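Note on naming: letters A, B, ... go to the chains in the order of the sequence lines (proteins, then strands), and numbering restarts at 1 for each one. Just so it is clear, the model here is predicted, and its values are computed rather than measured. All values below come from the heavy atoms of this structure, side chains included, with hydrogens, waters and symmetry mates left out.
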Amino acid sequence: MDYKIRLAEVLSEILNNSTVSIQFLTQIIKKAKKNIDADFAINCFALKKNLKQDGLEIAKEIHKSFSSNFLNQNPFIQTVLIDGPYLNFKFNKIIIANEVMVQIFKDVNSYASSNFKKREKPERIVIEYPAPNTNKPLHLGHIRYMLLGQTLSIFTQCAKNEVFQVNLLNDRGIHICKSMWAYVKYGENKTPKSENQKSDHFVGYYYIKFAQEESRLKKYAQKNINFLEYELKKSPEYQNIDRIQELRKTIDRSKYGILQKELKDMLIAWEEEDKKVRNLWRKMNDWAENGFNQTFETFKIHHDKTYIESNIYKKGKKIVENGIKKGIFEKLDDGAVIINFNKKKLPKRKVLIRKDGTSLYITQDLHLAYQKMEDFNYNKSIYVIGNEQDMQLRVLFEILNKLGMKADNIHYSYGMINLISGKMKSREGTVVDADDIVEELKLLAMGEVKKRYSNLSKNEMEKRAMVIALASLRFFIIKYDYSRDFVFDPKKSLEFEGETGPYILYSYARICSIFKKAMEKNIKTPYDPIEDNITEILKIENLSLLENEHEFNLIELLYSYPDIIVNSVKQMKPHVLARYLYELAQEFTGFYHSCPIIKENPKLRNLRLLLCESIRRVLKHGLGLLTIDVLTEM
RNA sequence: GGAUCCAUCACCUAGCCUGGAUUGGGUGCUGGACUUCUAAUCCAGAUGUCGAGGGUUCAAAUCCCUCUGGAUCCA
């Protein structure tokens with residue numbers, strides 16, 4: 001089925017040279033450029049070193065070997081053309097069309113994963129995402145985070161590995177106290193219900209409230225803060241200690257200082273398990289979590305397990321003690337525990353336990369890694385985390401490595417989403433809220449649906465609008481390389497035209513529409529479900545009716561699907577699949593415009609219907625991997 | 001002070017790992033196509049010394065070095 005390999009075999013036979021392996025040939029056989037009328041090509045200069053001959057000469061010789069006799073023996077090769085050092089191979093689309101479509105009709109699923117090499121034991125892979133803080137609702141950054149994590153999970157399954165999706169709720173710490181503080185001050189016992197607000201948004205409201213209050217009070221203390229910073233920046237011998245203390249006291253006495261003190265006290269009360277504080281904390285965290293779960297539901301995200309920071313944040317100490325015993329970590333005289341590195345790309349040292357005995361994030365992360373191991377016995381762990389944390393994870397992985405953990409750790413380091421105004425900051429209100437953007441897109445989609453189908457029930461309209469909105473958002477996020485930062489411009493990003501999810505859905509709906517029209521005209525849809533019909537249609541003499549450029553391109557695209565899947569999945573690059581699906585939809589639309597189907601004679605009509613159905617199945621399958629739903633009408 | 005990542009048409013982006021033929025899409029712009037399977041569409045046109053300089057190579061957007069500019073992290 002893999003014609004590239006078969007071509008490599010043929011070439012190897014021709015060359016009959018031990019220094020040129022089939023594997024090497026497969027590597028240098030490249031897809032021909034779009035503007036060249038061929039499927040695959042090799043540049044014979046690539047063989048120069050092995051054959052110790054000029055590239056142009058090699059090309060001529062190989063070309064000569066493709067006598068008509070030889071081509072007859074290998075009917076899948078239609079033509080071999082020479083162009084300087086290039087040999088351009090054109091495959092017989094009819095043979096390919098037959099094989100490809102038969103397989104797609106048999107089972108798209110197994111067709112899609114047909115190019116994976118078989119492994120004996122599936123891997124066990126843990127994927128962690130999106131680890132939100134419980135003091136504010138999810139935003140666009142989390143959406144990227146969620147969609148990448150989710151898609152990776154599906155990809156993992158597609159490659160026949162076992163996946164375990166886990167989440168981590170960051171539910172403690174000073175930042176969590178912020179929304180609590182504001183609720184105590186302004187909450188007046190209001191609840192999400194009483195305010196008719198989504199519960200995580202309700203919590204987020206108080207987080208912003210705090211930030212506003214803080215920045216307002218900070219203004220009054222700013223002068224003194226500036227002085228203090230100036231004084232601290234001086235080198236030690238010039239610092240005026242009395243002045244520093246005086247400034248600190250002044251700041252502490254200001255309203256800003258009092259606020260900071262109250263916040264700290266709250267955290268201490270939390271640590272000491274003060275009932276009042278803990279109750280409030282539990283209440284607000286539940287609100288946040290419930291809200292998250294609703295958003296997860298919208299995006300169809302399910303976790304196998306959710307770890308809670310407040311349950312584990314103290315637990316890393318055992319690991320640290322073990323590390324000290326093994327001599328991997330070092331306990332300093334002041335009580336702090338550190339690890340020293342002497343590797344490039346790593347800091348010189350990292351503190352694991354502060355001198356006051358409190359642990360840091362890294363301590364907790366170490367524990368979590370072992371906890372996951374206990375829970376899932378994984379051999380690979382993927383951390384879907386933004387690229388701003390590259391260093392932290394490098395450190396974490398190095399420590400795990402030194403501790404002797406036998407598993408692959410992968411930082412799936414995705415890029416940040418920024419706004420035109422700069423970074424998204426919840427506390428300044430410059431965020432694109434996850435729920436809001438879905439709502440906004442839905443509204444836009446609703447308008448479009450109404451324009452076309454004004455007599456639909458409201459329920460149906462909303463259903464369609466939601467599918468379109470989510471397709472648009474998902475495709476928009478996934479079509480970019482995950483590692484790149486990008487700027488989100490709401491005006492430009494929320495389009496349904498061009499390189500978008502709705503474009504693909506539209507092509508899909510058009511295929512469905514063709515079938516619908518065919519049924520209305522009592523034309524039997526040939527593929528359903530009698531397979532005998534298919535083989536009849538796919539007979540060579542019928543297939544030779546294919547002659548349009550679009551048809552050939554489509555067959556080629558369908559043929560390359562398993563390859564795309566392997567590339568996309570193995571490299572963990574969902575955008576490769578996303579762009580392929582767009583290309584397929586685009587090619588289909590070109591075909592749609594230039595080739596009529598229903599009014600064609602039955603033989604060609606059936607063939608084209610079959611082609612359409614193949615495209616439809618692949619589109620649906622591919623979109624499914626990206627968790628994008630389809631519509632039969634839009 | 002130390003480290004990592006990035007730079008491609010007016011704008012966004014793919015290609016870079018694994019070097020190969022005039023870089024591929026999209027938006028926007030100009031013009032054209034709805035009595036024919038849905039115009040959320042299609043067709044045509046203009047726009048690129050792939051940040052700058054050097055090196056490796058028969059061949060560099062792609063690999064290496066330097067510089068400039070931007071993002072991030074650590075101290």
Side-chain angles (χ1 to χ4, degrees), chain A residues 24 26-28 30-36 38 41-46 48-49 54-56 83-88 341 343-350 386-395 413 415-416 418 422-423 444-445 447-449 451-453 468 471-472 476 479-481 483-489 491-493 495-521 523 550 571 573 575-576 578-580 582-583 585-586 588-600 605 608-609 612 631-634:
Chain A
F24 176 70
T26 326
Q27 264 177 37
I28 60 169
K30 300 268 153 111
K31 247 190 156 170
K33 294 240 165 186
K34 269 192 178 165
N35 41 11
I36 278 142
I42 66 168
N43 184 321
C44 291
F45 271 111
K48 190 182 150 188
K49 269 187 190 155
D54 183 61
L56 295 164
D83 184 359
Y86 286 94
L87 285 173
N88 292 320
F341 301 111
K343 260 195 185 174
K344 267 190 177 176
K345 299 189 181 185
L346 286 175
K348 281 185 189 131
R349 67 200 304 228
K350 174 83 189 171
N387 60 16
E388 54 191 359
Q389 300 205 39
D390 282 358
M391 184 61 101
Q392 274 87 310
L393 289 179
R394 222 178 278 150
V395 168
S413 170
M416 301 284 102
N418 295 313
K423 248 191 153 173
L444 278 175
E448 296 293 322
V449 174
K451 249 193 252 169
R452 281 154 251 247
Y453 303 94
I468 293 164
S472 162
F476 177 74
K479 76 173 174 178
Y480 298 109
D481 186 327
S483 63
R484 277 180 86 109
D485 291 357
F486 74 85
V487 175
F488 179 78
D489 178 349
K491 271 182 205 150
K492 283 184 186 168
S493 305
E495 296 277 334
F496 294 154
E497 286 161 28
E499 201 177 53
T500 64
Y503 177 98
I504 304 175
L505 290 199
Y506 190 60
S507 309
Y508 185 92
R510 276 176 153 179
I511 297 176
C512 296
S513 171
I514 292 169
F515 288 124
K516 202 175 140 206
K517 279 273 150 56
M519 294 232 292
E520 279 168 14
K521 295 193 175 174
I523 294 168
H550 289 291
Q571 301 180 75
K573 289 190 170 184
H575 81 274
V576 172
R579 285 182 189 273
Y580 166 84
Y582 177 73
E583 205 185 333
Q586 203 179 30
F588 165 75
T589 317
F591 162 71
Y592 177 90
H593 276 275
S594 64
C595 301
I597 293 171
I598 288 178
K599 69 178 185 190
E600 274 297 345
R605 182 179 65 211
R608 286 187 172 158
L609 283 170
C612 286
L631 291 169
T632 52
E633 188 179 87
M634 73 180 269

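Going from atom CZ of A/Phe488 over to atom CZ of A/Phe476 covers 5.5 Å, rounded to the nearest 0.5 Å.
Pair assignment for B/rA60: none, as no Watson-Crick or G-U wobble contacts are both less than 3.5 Å. Across all strands shown, B/rC17 remains unpaired; no Watson-Crick or G-U wobble contact has both distances below 3.5 Å. Look at B/rA75: it lacks any Watson-Crick or wobble partner with both distances under 3.5 angstrom. Of all nucleotides present, only B/rG45 satisfies the Watson-Crick or G-U wobble test against B/rC29, with each distance under 3.5 Å. For B/rG51, the paired base is B/rC67 (Watson-Crick or G-U wobble, both distances below 3.5 Å).
Between A/Arg394 and B/rC74 there is no side-chain polar atom (N or O) within less than 4.0 angstrom of OP1 or OP2. When the side-chain nitrogen and oxygen atoms of A/Lys479 are compared with OP1 and OP2 of B/rG26, none of them lie within a distance under 4.0 Å. OP1 and OP2 of B/rU13 both lie 4.0 Å or more from every side-chain N or O belonging to A/His575.
Heavy atoms of A/Met416 sit nowhere under 4.0 angstrom from any nucleic acid atom. Contacts of A/Cys595 with the nucleic acid, taken as non-hydrogen atoms under 4.0 Å apart, include base atoms. Nucleic acid contact class of A/Ile36 (heavy atoms, under 4.0 Å, all strands): base. Within 4.0 Å of A/Asp54, counting heavy atoms only, lies no atom of the nucleic acid at all. Among the protein residues, A/Ile42 comes within range of no part of the nucleic acid, since none of its heavy atoms lies under 4.0 Å from any strand. Nucleic acid contact for A/Phe591: none, since no nucleic acid atom lies under 4.0 Å from a heavy atom of the residue. Across all strands, A/Glu583 comes closer than 4.0 Å to no nucleic acid atom at all (heavy-atom distances). In this structure, A/Lys48 reaches the bases: a heavy-atom distance under 4.0 Å links it to at least one base atom across the strands shown.
As rounded to the nearest Å, B/rG25 and B/rG48 have C1' atoms that lie 14 Å from one another. Remark: the separation of the P atoms in B/rG45 and B/rC63 is 33 Å, to the nearest Å. B/rG19 sits 8 Å from B/rA59 when the C1' atoms are compared, rounded to a whole Å. Between B/rA40 and B/rG26, the two C1' atoms lie 15 Å apart (nearest whole Å). Nucleotides B/rU47 and B/rC42, compared at atom P, are 22 Å apart to the nearest Å. When the P atom is compared between B/rC64 and B/rA10, the two are found 28 Å apart, to the nearest whole Å. On the P atoms, B/rA71 is 15 Å away from B/rU8, given to the nearest whole Å. Rounded to a whole angstrom, the distance from the P atom of B/rA21 to that of B/rU62 is 13 Å.
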Using the 3.5 Å cut-off, write out each protein N or O paired with an N or O of nucleotides 9-12 of chain B and the distance between them.
{"residue": "B/rC11", "atom": "O2'", "partner": "A/Lys492", "partner atom": "NZ", "Å": "3.4"}
{"residue": "B/rC12", "atom": "O2'", "partner": "A/Tyr480", "partner atom": "OH", "Å": "3.4"}

Name the pairs: protein N/O against N/O of nucleotides 41-46 of chain B, kept only if under 3.5 Å.
{"residue": "B/rU41", "atom": "OP1", "partner": "A/Gly498", "partner atom": "N", "Å": "3.1"}
{"residue": "B/rU41", "atom": "O2'", "partner": "A/Arg510", "partner atom": "NH1", "Å": "3.0"}
{"residue": "B/rU41", "atom": "O2'", "partner": "A/His593", "partner atom": "NE2", "Å": "2.6"}
{"residue": "B/rC42", "atom": "OP1", "partner": "A/Tyr503", "partner atom": "OH", "Å": "2.7"}
{"residue": "B/rC42", "atom": "O4'", "partner": "A/His593", "partner atom": "NE2", "Å": "3.1"}

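You'll find the side chain of A/Phe588 reaches within 4.5 Å of the side chain of A/Cys612, heavy atoms only. The closest side-chain heavy-atom distance from A/Pro596 to A/Arg608 is below 4.5 Å. Taking 4.5 Å as the limit, some side-chain heavy atom of A/Phe341 sits within range of a side-chain heavy atom of A/Val395.
Distance, A/Lys30 NZ to B/rG19 P: 6 Å, rounded to whole Å. Counting to the nearest Å, the P atom of B/rA3 and the NZ atom of A/Lys343 are 17 Å from each other. Following rounding to the nearest Å, A/Arg452 (CZ) and B/rC34 (P) show an atom-to-atom distance of 19 Å.
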